[in-house]
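Contents: one structure, followed by commentary.
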Amino acid sequence: MKGPILDATAIWLAYNSAENAGDFEGMGALVSADLEVAVNGHPALGSAHDDLEAMHGLRAVYPDYRRQVDETLAFGDRVVVRWRMSGASDRPDVPDLDVAGCSVVTVANGVLSSAYLYYDGAALDAVLEAAAKERS
């Protein structure tokens with residue numbers, strides 16, 4: 001027997017809670033294996049694995065990373081979320097994180113299947129690029 005079916009907002013909020021707690025297993029359980037993520041209109045991630053790698057990179061630089069939810073608005077299988085990411089850098093050459101943005105997320109079969117993120121995130125982009133280089 002399956003558990004209760006959650007709406008798009010509840011699934012996204014559960015994902016965000018897992019992300020804030022650094023619960024990578026919980027995050028992974030809430031996204032489809034072929035998760036598609038676009039940032040500011042450009043493809044950014046193409047799998048659940050990519051999503052977890054990006055979060056590992058972000059947490060490596062900002063151990064106290066958090067994403068605060070400011071507002072949600074749901075439309076069937078979609079939820080629009082206005083949020084703010086923050087964190088103190090543990091590296092002297094990387095500024096603290098303070099990025100506001102918005103996500104349009106689609107849920108299918110009880111998991112996040114796509115996300116379109118919009119933000120002014122030059123600092124976040126630089127951190128993710130640096131983290132990717134460190135893992136290479």
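Just so we're clear, the structure is a prediction, and the values are computed from it rather than from any experiment.
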Is there a side-chain contact between V81 and V69 (heavy atoms, below 4.5 Å)? yes
Is there a donor-acceptor contact under 3.5 Å from the side chain of D120 to the main chain of V99? no
Where do E19 and N16 land on the side-chain contact (heavy atoms from CB on, under 4.5 Å) test, with the steps shown first? CA-CA 5 Å; E19 185 177 279; N16 192 67; 4.1 Å; yes
For residues L117 and A115, report the shortest heavy-atom separation together with the two atoms involved. CD1-CB, 3.8 Å
Can you spot which of W83, Y118, Y119, Y116 makes a side chain to side chain donor-acceptor pair (under 3.5 Å) with S103? W83
So which atom in P63 and which in A88 form the shortest heavy-atom distance, rounded to 0.1 Å? CD-O, 3.8 Å
Within-4.5 Å side-chain heavy-atom neighbours: S86 and L97: no
So, for L45 and D51, which heavy atoms are closest and what is the spacing to 0.1 Å? CD1-CA, 3.8 Å
When every non-hydrogen atom of A60 is compared with those of R91, the smallest separation belongs to O-NH2, 3.8 Å
When V79 is tested against each of T9, V107, L112, L13 for side chain to side chain contact (heavy atoms under 4.5 Å, CB included), which residue passes? T9
Do N20 side-chain atoms and R67 backbone N/O form a donor-acceptor pair below 3.5 Å? yes
Heavy-atom pair with the smallest gap, counting every atom of A48 and S32: CB-O, 3.4 Å
Cluster check Y62, L52: I/L/V/M/F/W/Y, side chain < 4.5 angstrom: yes
Could you measure the distance from the CG atom of D77 to the CD1 atom of I11? Nearest 0.5 Å is fine. 10.0 Å
Scan T106, V80, V105 and name whichever one has a side chain to side chain contact (heavy atoms under 4.5 Å, CB included) with W12. V105
Distance from R78 atom CZ to S114 atom OG, nearest 0.5 Å? 6.0 Å
Gap between atom OG of S89 and atom OH of Y65 - 0.5 Å precision: 15.0 Å
For the residue pair G76 and A8, what are the closest heavy atoms and their distance? O-CB, 3.9 Å
Enter the distance from M55:CE to F24:CZ here, rounded to the nearest 0.5 Å. 7.0 Å
